[in-house]
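These notes concern the structure reproduced below.
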Amino acid sequence: MTIEVARLHQVAMPLRSPFRTSYGVEHQRDLVLVEVETDAATGWGECVALGTPHYNAEYADGAYEVLRRFLIPLLLTAPDVMAADVGRLLAPVKGQAMAKAAIEMAVLDAHLRTNGRSLADALGVTATHVDSGVAIGITGDVVALVDAVADAVAAGYRRVKLKIEPGWDVAAVRAVREQFPHLALQVDGNGAYTMSDVGTFAALDAFDLLLVEQPFADDDLLAHAALARQITTPVCLDETITSLASATAAIEIGACAVVNLKPGRVGGLAEAVRIHDLCRARSVGLWCGGMFETGLGRAVNVVLAGLPGFTLPGDLSGSDRYYTADLTDPFVIDDGRLLVPTGPGIGRVPRPEVLSERSIRSAEWGRTHGT
Ligand code: NPG
């Protein structure tokens with residue numbers, strides 16, 4: 001497949017309500033979209049880097065620059081490219097997993113559309129629905145938190161994840177657990193804790209949590225392994241898992257019993273499927289994370305989560321959780337589940353009016369002048 005034209009779109013999507021985590025408050029979702037054109041089809045990819053480098057090192061403005069200067073030129077000078085080649089093609093550029101994943105996704109979407117195939121078909125996904133979980137930010141007020149959980153339960157979500165940080169953990173979890181004794185519940189520290197907080201995690205063992213996610217810094221495998229030996233709640237890793245190699249190391253060393261898989265964080269869908277296969281082979285728990293994707297990225301996550309190695313509900317909320325108007329046709333929760341898209345390609349396209357309303361900047365390059 002030859003990519004004739006590549007476009008970048010930087011988009012700002014207002015969030016319905018601010019979302020607070022241990023590292024700050026998100027008010028809007030800044031993201032970069034990659035659009036590629038062949039002579040047969042157009043494909044879309046979503047770069048899930050946030051507006052600021054606070055979840056990981058990538059951020060939207062930086063991703064736009066890396067895509068513009070380095071990744072798009074590599075793509076436009078390749079004589080022939082398939083999604084499976086994208087990893088190798090872009091390997092000379094270090095890191096930039098989320099920017100690379102967006103290119104892989106766009107190429108894959110264009111290829112599947114050329115052949116009239118769906119992503120579900122290409123991945124061998126036979127599930128028709130996936131279970132939806134929801135993430136609830138730090139409210140700073142226990143009554144507001146319990147209300148937010150009640151709303152999520154009423155909306156049908158099958159599992160709730162609470163964001164925690166030092167000072168907002170045991171009491172918050174206790175309050176939720178008292179009101180919802182049977183709720184599938186888990187917590188996420190986004191790396192805000194250190195080994196000096198082991199007592200907090202030991203205290204959380206009392207609340208029958210599905211897992212504790214990423215308590216410590218992303219590069220601290222040994223601390224996670226030490227914690228896993230001291231508590232009964234399974235330890236799950238998110239930010240730490242950036243590749244098949246890091247997933248293998250984390251599992252091998254006993255740093256996690258559960259993996260949160262996000263295609264963007266691991267450089268794309270091909271690597272995500274390899275990590276899925278590893279977790280399945282090693283009987284490691286697995287669920288699909290979320291990055292406030294628009295319907296484009298969410299479509300990929302929902303299909304991925306239909307693979308058989310996924311053992312727990314993902315952060316796969318309906319579009320209305322975050323957006324008044326999603327970029328694509330919305331994802332709608334039905335009985336706590338989302339329908340796996342089966343349309344051509346990734347199964348969603350941007351709605352032109354929303355794209356033009358939310359676009360901050362865009363640029364286009366053709367094959368002959370790819371810089
Ligand atoms: O449902 O898409 C979603 C959001 C899920 O809370 C969610 N993601 O650390 O996994 C996370 C977290 C997050 C990512 C929060 C990025 C803020 C920014």
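For the numbers below, each heavy atom of this structure counts, side chains included, while hydrogens, waters and symmetry mates do not. Everything numeric here is computed off the predicted structure, so don't read it as measured data.
Residues meeting the side-chain contact (heavy atoms from CB on, under 4.5 Å) test with A226, sequence neighbours left out: M195, R229, Q230. Not counting sequence neighbours, the partners of R7 by the salt bridge (charged side-chain N to carboxylate O under 4.0 Å, His left out) test are E35, E37, E364. The side-chain contact (heavy atoms from CB on, under 4.5 Å) check on A84 picks up nothing, with sequence neighbours excluded. With sequence neighbours left out, A97 forms a side-chain contact (heavy atoms from CB on, under 4.5 Å) with E58. For E26, there are no salt bridge (charged side-chain N to carboxylate O under 4.0 Å, His left out) partners, not counting sequence neighbours. Listed by chain and number, the residues in a salt bridge (charged side-chain N to carboxylate O under 4.0 Å, His left out) with R280 amount to none (sequence neighbours excluded). Scored by the side-chain contact (heavy atoms from CB on, under 4.5 Å) test, A101 finds no partners at all (sequence neighbours excluded).
The shortest non-hydrogen separation linking V235 to A255 is CG1-O, 3.4 Å. In terms of heavy atoms, G45 sits closest to A106 at N-CB, 3.6 Å. The shortest heavy-atom contact between L355 and W44 is CD2-CH2, 3.7 Å. Of all non-hydrogen atoms in G133 and P313, the two that sit nearest each other are N-CB, 4.3 Å. Shortest non-hydrogen contact noted between L338 and S317 is CD1-O, 3.9 Å. Summarising the geometry of W287 relative to C236, their closest heavy-atom pair is NE1-SG, 3.5 Å, with the distance given to 0.1 Å.
The backbone N or O of L327 sits nowhere less than 3.5 Å from a side-chain atom of R358 that would complete a donor-acceptor pair. Between the side chain of S362 and the backbone N or O of H9, no donor-acceptor pair lies under 3.5 Å. A donor-acceptor distance shorter than 3.5 angstrom exists from the side chain of D188 to the backbone of N190, with no hydrogens or angles considered. A donor-acceptor pair under 3.5 Å is formed between the side chain of S246 and the backbone N or O of S243. Judged by distance alone, with hydrogens and angles left aside, the side-chain atoms of R367 form a donor-acceptor pair with the main-chain N or O of I3 at under 3.5 Å. One N or O on the side chain of D197 and one on the backbone of T194 form a donor-acceptor pair closer than 3.5 Å. Checked by atom type and distance alone, the side chain of T311 pairs as donor or acceptor with a backbone atom of L286 at under 3.5 Å. Under a 3.5 Å cut-off, the side chain of Q10 and the backbone N or O of D30 do not form any donor-acceptor pair. A distance-only check finds no donor-acceptor pair linking the side chain of E178 to the backbone of V176 [under 3.5 Å].
Taking hydrophobic clusters as Ile, Leu, Val, Met, Phe, Trp and Tyr residues chained together by side-chain heavy-atom distances below 4.5 Å, V66 does not share a cluster with V266. Follow the hydrophobic side-chain contacts under 4.5 Å out from M105 and you never reach L8; the two are in separate clusters.
Annotation: salt bridge (Lys or Arg N to Asp or Glu O under 4.0 Å) contacts involving residues 324-349, sequence neighbours excluded, comprise R158-D335. The ring-ring contact (aromatic ring centres under 6.0 Å, His included) pairs that include a residue from residues 216-247 are F216-H224, where partners are two or more places apart or lie in different chains. Among residues at least two apart or in separate chains, salt bridge (Lys or Arg N to Asp or Glu O under 4.0 Å) pairs with a member in residues 253-263 are D238-K262. Applying the salt bridge (Lys or Arg N to Asp or Glu O under 4.0 Å) definition to pairs two or more places apart or across chains, those involving residues 82-110 are D85-R88, D109-R113.
To the nearest 0.5 Å, atoms CG (L316) and NE2 (H129) are separated by 13.5 Å. A distance of 9.0 Å separates SG in C47 from CG in L33, rounded to the nearest 0.5 Å. To the nearest 0.5 Å, atoms CG (L278) and CD (E252) are separated by 9.0 Å. Here CG of L119 is found 9.5 Å from CG of D121. Values are rounded to the nearest 0.5 Å. Here the CG atom belonging to D131 is positioned 10.0 Å from the CD1 atom belonging to I333, to the nearest 0.5 angstrom.
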- Message: Assess the residue pair K161 and D315 against the criterion (salt bridge (charged side-chain N to carboxylate O under 4.0 Å, His left out)); give the C-alpha distance rounded to whole Å, side-chain angles, the decisive distance to 0.1 Å, and a yes or no.
- Response: CA-CA 8 Å; K161 152 169 150 179; D315 279 342; 2.8 Å; yes
- Task: Kindly indicate, with the supporting measurements, whether the criterion side-chain contact (heavy atoms from CB on, under 4.5 Å) is fulfilled by E46 and L31.
- Result: CA-CA 8 Å; E46 176 167 342; L31 50 93; 3.7 Å; yes
- Item | Criterion side-chain contact (heavy atoms from CB on, under 4.5 Å) on L312 and F310, from CA distance to verdict | CA-CA 6 Å; L312 292 165; F310 284 86; over 6 Å; no
- Item | Worked check of side-chain contact (heavy atoms from CB on, under 4.5 Å) between R361 and D61 | CA-CA 11 Å; R361 57 172 164 164; D61 287 341; 3.6 Å; yes
- Derivation of the ring-ring contact (aromatic ring centres under 6.0 Å, His included) call for F292 and Y323: CA-CA 9 Å; F292 308 110; Y323 301 119; 8.0 Å; no
- Message: Pair L162, V149 - check side-chain contact (heavy atoms from CB on, under 4.5 Å), show working.
- Response: CA-CA 9 Å; L162 306 180; V149 173; 4.0 Å; yes
- Item | Trace of the side chain to side chain donor-acceptor pair (under 3.5 Å) decision for E293 with N301 | CA-CA 9 Å; E293 288 85 356; N301 289 354; 3.0 Å; yes
For residues 203-211, run the donor-acceptor check on the side chains, cut-off 3.5 Å, and write out each pair with its distance to 0.1 Å, sequence neighbours left out.
| from | atom 1 | to | atom 2 | distance (Å) |
| --- | --- | --- | --- | --- |
| D205 | OD1 | T232 | N | 3.2 |
| D205 | OD1 | T232 | OG1 | 3.1 |
| D205 | OD1 | T233 | N | 2.9 |
| D205 | OD1 | T233 | OG1 | 2.5 |
| D205 | OD2 | T232 | N | 2.9 |
| D205 | OD2 | T232 | OG1 | 3.4 |

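For R282 and D277, the salt-bridge test fails: no basic side-chain N is under 4.0 Å from an acidic carboxylate O. Ion pairing of E239 with R265 is absent here, as no side-chain N (NZ or NE/NH1/NH2) approaches a carboxylate O to less than 4.0 Å. Electrostatic pairing of R20 and E165 counts as a salt bridge here, judged by a charged N lying under 4.0 Å from a carboxylate O.
Ring orientation note: the planes of Y23 and H54 are tilted relative to one another, at an angle of 30° to 60°.
Atom OH of Y59 sits in a sparse spot, with 12 or fewer heavy atoms from other residues, nucleotides or ligands closer than 6.0 Å.
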